[in-house]
Student: 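Sharing a structure, written as structure tokens. Questions coming.
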Amino acid sequence: MSALELRTLGSTGLRVTPVCLGCGVLGGMSAIFGYDVSADQGVATVRRALDSPVNFLDTSAGYSNGESERRVGAAVRARGGLPEGFVLATKVDPDPVTRDYSGAQVLRSAEQSIERLGMDSFPLLYLHDPEVIGFEAAMAPGGAVEALVRLKKEGVAEHLGVAGGPVDMLERFVGTGVFEVVLTHNRYTLVDQSARGLLRTAHQAGVAVVNAAPFGGGMLAKGPDVSRKYAYREADAALMERVRRMAERCAAYDVPLGAAALQFSIREPLIASTVVGISAPERVDQTVRWATWPIPDELWAELTDLAGVSADPTDPTDPTGPTDQHAPHRRGNER
Ligand SMILES: NC(=O)c1ccc[n+]([C@@H]2O[C@H](COP(=O)([O-])OP(=O)(O)OC[C@H]3O[C@@H](n4cnc5c(N)ncnc54)[C@H](OP(=O)(O)O)[C@@H]3O)[C@@H](O)[C@H]2O)c1
């Protein structure tokens, strides 16, 4: 299945599928997604993922206070371990009660992940949402990044990544030379390409890009009449209308909107892998189908027009440049 052929994740040398399955929603995040996912369903979803053509999973210590990792760990144990060559990435997080995000907390967070996931070490460990404390605090002596570097020296983390929201902050982390992977979310989709500058900066620095939330948290998978939120916030009428037009054009070519939204990210050469949030076993199969759905060039031409991007999204002379059309929807500490 060529659309899911392994790619090298930058300097890590890890070989990953262009699709990664995200375990945020399957941990039960009703406050964000508006519905809960039972533990049984969450574990069953991970089990299906482990035996799918996808070899890359994304979770975090902080997702539902560790519940996502607990479910992932339960599925891995039930299967008798990870499949050969599978890459399970997780993230360190602040203390859920005190919000402490010091170096000491990062060490505790990783230790708890080791227990929940039943792993001795992580192929890829991210600093999660450092915007909650800011670049300077994260980089300070005794801070979160210093602790991550220690975890790498000790072999607990094979490779380090940084995952977060604001692209200008992520660019600063890319510039530190500490991280081999940067994860951005909701900012390289059919309706928002504000991470474009970050993609270029990371490429120049030799840092691999992982793009999460290609559906903007659901709207670009379910359609604006089912999911009225983009990036976990109510979308404005103009955005909904734009997505409706995209959905209509997709329907005209018999292509699901979600397939186009997913492949919009997969086909971007500066993105190594795209993280899709899933909450049920059948979503794993649907994601694989969407990743491989044939999409005619004519539809891409119409969609790139509606998306407001040039035909070649990597073109550095692209006059649309980095934009942040939905910035007003976000706060600094948002996922
Ligand atoms: N700061 C960070 O590190 C960060 C931030 C955001 C995301 N992430 C990672 O990226 C992952 C993806 O982000 P996300 O889940 O927020 O956003 P997303 O992938 O854009 O959207 C997930 C939503 O799309 C829906 N969906 C997926 N496949 C579908 C299908 N075939 N048909 C209909 N609906 C479908 C899911 O619905 P159902 O629930 O119905 O399946 C879910 O509501 C997260 O799980 C997490 O691992 C990381």
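In listed order, ligands and their atoms are each counted from 1. Nothing fancy with the numbering, it's 1 onward along the sequence.
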Student: With a 4.0 Å cut-off on heavy atoms, does Thr287 reach ligand 1?
Tutor: no
Student: Where on Leu183 is there a heavy atom closer than 4.0 Å to ligand 1, on the side chain, on the backbone, on both, or on neither?
Tutor: side chain
Student: What do you reckon, is CZ of Arg7 surrounded by more than 12 foreign heavy atoms closer than 6.0 Å?
Tutor: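 Yes - once you tally the heavy atoms of other residues, nucleotides and ligands closer than 6.0 Å, there are more than 12.
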Student: From the options Gln286, Lys91, His185, select the one whose nearest heavy atom is closest to atom 3 (O) of ligand 1.
Tutor: Lys91
Student: Decide whether an N or O pair under 3.5 Å exists between Ser279 and ligand 1.
Tutor: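 By distance alone, the answer is yes.
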Student: Would Gly258 count as a contact of ligand 1 if the rule is a heavy atom under 4.0 Å away?
Tutor: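 Heavy atoms of Gly258 never come under 4.0 Å of ligand 1.
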Student: Is the ring centre of Phe264 less than 6.0 Å from the ring centre of Tyr188?
Tutor: yes
Student: Counting heavy atoms only, which of Tyr63, Tyr126, Tyr35 is nearest atom 4 (C) of ligand 1?
Tutor: Tyr63
Student: Quick one: does Ala280 get within less than 4.0 Å of ligand 1, heavy atoms only?
Tutor: no
Student: Do any N/O atoms on Lys222 end up under 3.5 angstrom from N/O atoms on ligand 1?
Tutor: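 In this structure, Lys222 places an N or O atom under 3.5 Å from an N or O of ligand 1.
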Student: Looking at non-hydrogen atoms alone, which of Phe215, Trp290, Tyr232 comes nearest to atom 14 (P) of ligand 1?
Tutor: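 Going through Phe215, Trp290, Tyr232 one by one, Tyr232 has the nearest heavy atom to atom 14 (P) of ligand 1.
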Student: Return the option from Asn211, Asn186, Asp58 holding the heavy atom at the smallest distance from atom 47 (O) of ligand 1.
Tutor: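 Result: the heavy atom closest to atom 47 (O) of ligand 1 is in Asp58.
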Student: Going by distance only, is there an N or O of Gly216 that falls short of 3.5 Å from an N or O of ligand 1?
Tutor: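 Right, the criterion is met.
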